[in-house]
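These notes concern the structure reproduced below.
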Amino acid sequence: MFNIWINKYSMNGTKEEARKSVGVIAGIVGLVSNLLLFVIKFLAGSLSGSLSIITDGMNNLGDSASSLVTLLGFRAASKPADKEHPYGHERSEYISGLLISVIIIYVGIQFFTTSINQIMNPSSLTASPLVFGLLIISIIAKVVQGNFYRTAAESIQSNTLYSAAQDSTNDVYVTGLVLVATAVEMWTGWQVDGYAGAVLSIVIIYSGFQAIRESSNDLLGTRPSKKEILQMKELLDQYDSIVGYHDLLVHSYGPNQIFATIHIEIDDSWDIKKAHRVIDNIETDFEEKLAVELVCHLDPIAIQSEHDTAIYRQIKQILKSLHLEVKFHDFKVEKSNEQDLILFDVVLPDNTAQTDEELLKIIKAKIHHEIGDYRVKIKFDRLDLLKEV
């Protein structure tokens, strides 16, 4: 049912407009449903005198504030690019996620303090079938809410809504614990309400810090997933005419604003029009198939030169003799009246013990001994997106 309803909104207009529509609807649904749950649990807590139930209700009030921030965040993220923000406003969604996290932690700390006071000064509960019924209704509502958020998140690939879905699932367990604690105290007389409230507060605080970590990572920028890198690699591998590619960099300015750069190696005998035609096709494919705005840098390689090819093979053997699983690219031999220059980049594994300076000294010595008296310039890459796929 949710799939049909959400797809109706996610199919409207552009990807940005669809994202805004689904995000705003999810924010409204969350705001209304969490306010209703707060009223239900506050009523149940007041009737029974249970601090843990009221704490759980205040958690829902915090969720309502989170839904409001989500709603405002998606509206802000949908604003088009302007002079001050040439890459758009989609990172506003990440800021809203960060604010939500702060709200969650604040609510958790406040009720942890109250729960400790309840442990020190316990009071008896007065539960009834109505209280238990209200808690069961709350659990069912949270299950439905979580499924709704998850469906919405999958339709627009939103980390904010994925977090909201996980928060709803956590609330199911939290309310379940409150229900059990209330039943235990009513049937056994053990005053565990304050302890249950403290546990719930710790869970709330922990989930807030987890959400801060995720939102901060989005704002700071993280490497793309292996799946995304593999998709880019598979697309590039379809171009048999290019010699190779390297130095992939990916920058995300929001879920729909992804930019990338890459170096494309081509035969240096190509004319400029042919080279431009090939990289233009690659950039167009990235835009249409992966929704990534790619910029290609051309690296001409002298594959027709027997002299350069022979040196290339010797360099390959030298690197292999070091017993390191290294790759090298951007190989060139530059002629000079005084001393020719060999230059290339080496991609090092993460577990390489030697420093760049140590490796440079070893490789230079081997080149001078086995190839000849060349000047050598080597750039070492340790953070390469392509080396793990």
Taking atom CD as the centre, does Glu306 end up with more than 12 heavy-atom neighbours from other residues, nucleotides or ligands that are less than 6.0 angstrom away? no

Validation row: Val250, Thr261 side chains within 4.5 angstrom (heavy atoms): no

Ring centres of Tyr312 and Phe328 under 6.0 Å apart? yes

How about His246 and Glu265: does a side-chain donor come under 3.5 Å of a side-chain acceptor? yes

Side-chain donor or acceptor of Asp280 paired with backbone N/O of His276 under 3.5 Å: no

With heavy-atom distances below 4.5 Å as the criterion, would you say the side chains of Asn147 and Arg150 are in contact? yes

Can you tell me how far apart OG1 (Thr284) and CD1 (Ile279) are? Round to the nearest 0.5 Å. 10.0 Å

Phe259 atom CZ, neighbour heavy-atom count above 12 within 6.0 Å: yes

Of all heavy-atom pairs linking Ala275 and Trp270, the shortest is CA-CE3, 3.9 Å

Assess, by modelled atom type and distance only, whether the side chains of Gln317 and Lys320 contain a donor and an acceptor separated by less than 3.5 Å. no

Any side-chain heavy-atom pair of Asp267 and Ile301 under 4.5 Å: no

Heavy-atom nearest pair, Ser168 first then Gly146, reads CB-CA, 3.6 Å

Evaluation steps, side-chain contact (heavy atoms from CB on, under 4.5 Å), between Tyr245 and Lys233: CA-CA 9 Å; Tyr245 51 86; Lys233 188 174 184 298; 3.1 Å; yes

How far apart are the closest heavy atoms of Gln304 and Ser269, and which atoms are they? CG-OG, 4.2 Å

His263 versus Leu298: any side-chain heavy-atom pair under 4.5 Å? no

Distance from Ser33 atom OG to Phe148 atom CZ, nearest 0.5 Å? 8.5 Å

Taking the side chain as C-beta and beyond, is there a heavy-atom pair between Leu235 and Leu290 under 4.5 Å? yes

Under 3.5 Å, is there a donor on one side chain and an acceptor on the other for Asp285 and Tyr239? yes

Worked check of side-chain contact (heavy atoms from CB on, under 4.5 Å) between Asp345 and Ile378: CA-CA 6 Å; Asp345 296 357; Ile378 305 173; over 6 Å; no

Return the CD to CG distance between Gln145 and Leu36, rounded to the nearest 0.5 Å. 10.5 Å

Considering all heavy atoms of both residues, which atom of Cys296 and which atom of Glu283 are nearest to each other, and what is their separation? N-OE2, 3.0 Å

Rounding to 0.5 Å, atoms CD1 (Ile315) and CD1 (Ile363) come to a distance of 8.5 Å

Going only through I, L, V, M, F, W and Y residues with side-chain contacts under 4.5 Å, is there a path from Leu341 to Ile371? no

Do Lys142 and Asn34 have a side chain donor and acceptor closer than 3.5 Å? yes

Side-chain H-bond candidate by donor/acceptor type, His307 with Lys335, under 3.5 Å: yes

Can you find a pair of side-chain heavy atoms, one from Tyr206 and one from Ile105, that are under 4.5 Å apart? no

Verdict with reasoning, Asp373 to Gln339, per side-chain contact (heavy atoms from CB on, under 4.5 Å): CA-CA 8 Å; Asp373 188 24; Gln339 190 179 28; 3.0 Å; yes

Applying the 4.5 Å side-chain criterion to the ILVMFWY set and letting contacts propagate, would Ile258 and Val295 be lumped into a single cluster? no

Quick check on the hydrophobic clustering: are Leu360 and Leu343 connected, directly or via other members, by side-chain heavy-atom contacts under 4.5 Å? no

Looking only at heavy atoms, which two atoms of Asp271 and Lys274 are closest? And how far apart? OD1-N, 2.8 Å

Over 12 foreign heavy atoms within 6.0 Å of CZ, Phe344: yes

Could you give the distance from CG (Leu37) to CZ (Phe42), rounded to the nearest 0.5 Å? 15.0 Å

Would you check if Met232 and Val292 make a side-chain contact, meaning some heavy-atom pair closer than 4.5 Å? yes

List the steps, then state whether side-chain contact (heavy atoms from CB on, under 4.5 Å) holds for His329 with Asp299. CA-CA 10 Å; His329 55 74; Asp299 281 335; 6.0 Å; no

Closest non-hydrogen atom pair, Gln238 against Lys289: OE1-NZ, 4.3 Å

Determine whether Val278 and Ile242 make a side-chain contact, defined as any pair of heavy atoms from C-beta on separated by less than 4.5 Å. yes

NZ on Lys364 to OH on Tyr374, rounded to 0.5 Å: 15.5 Å

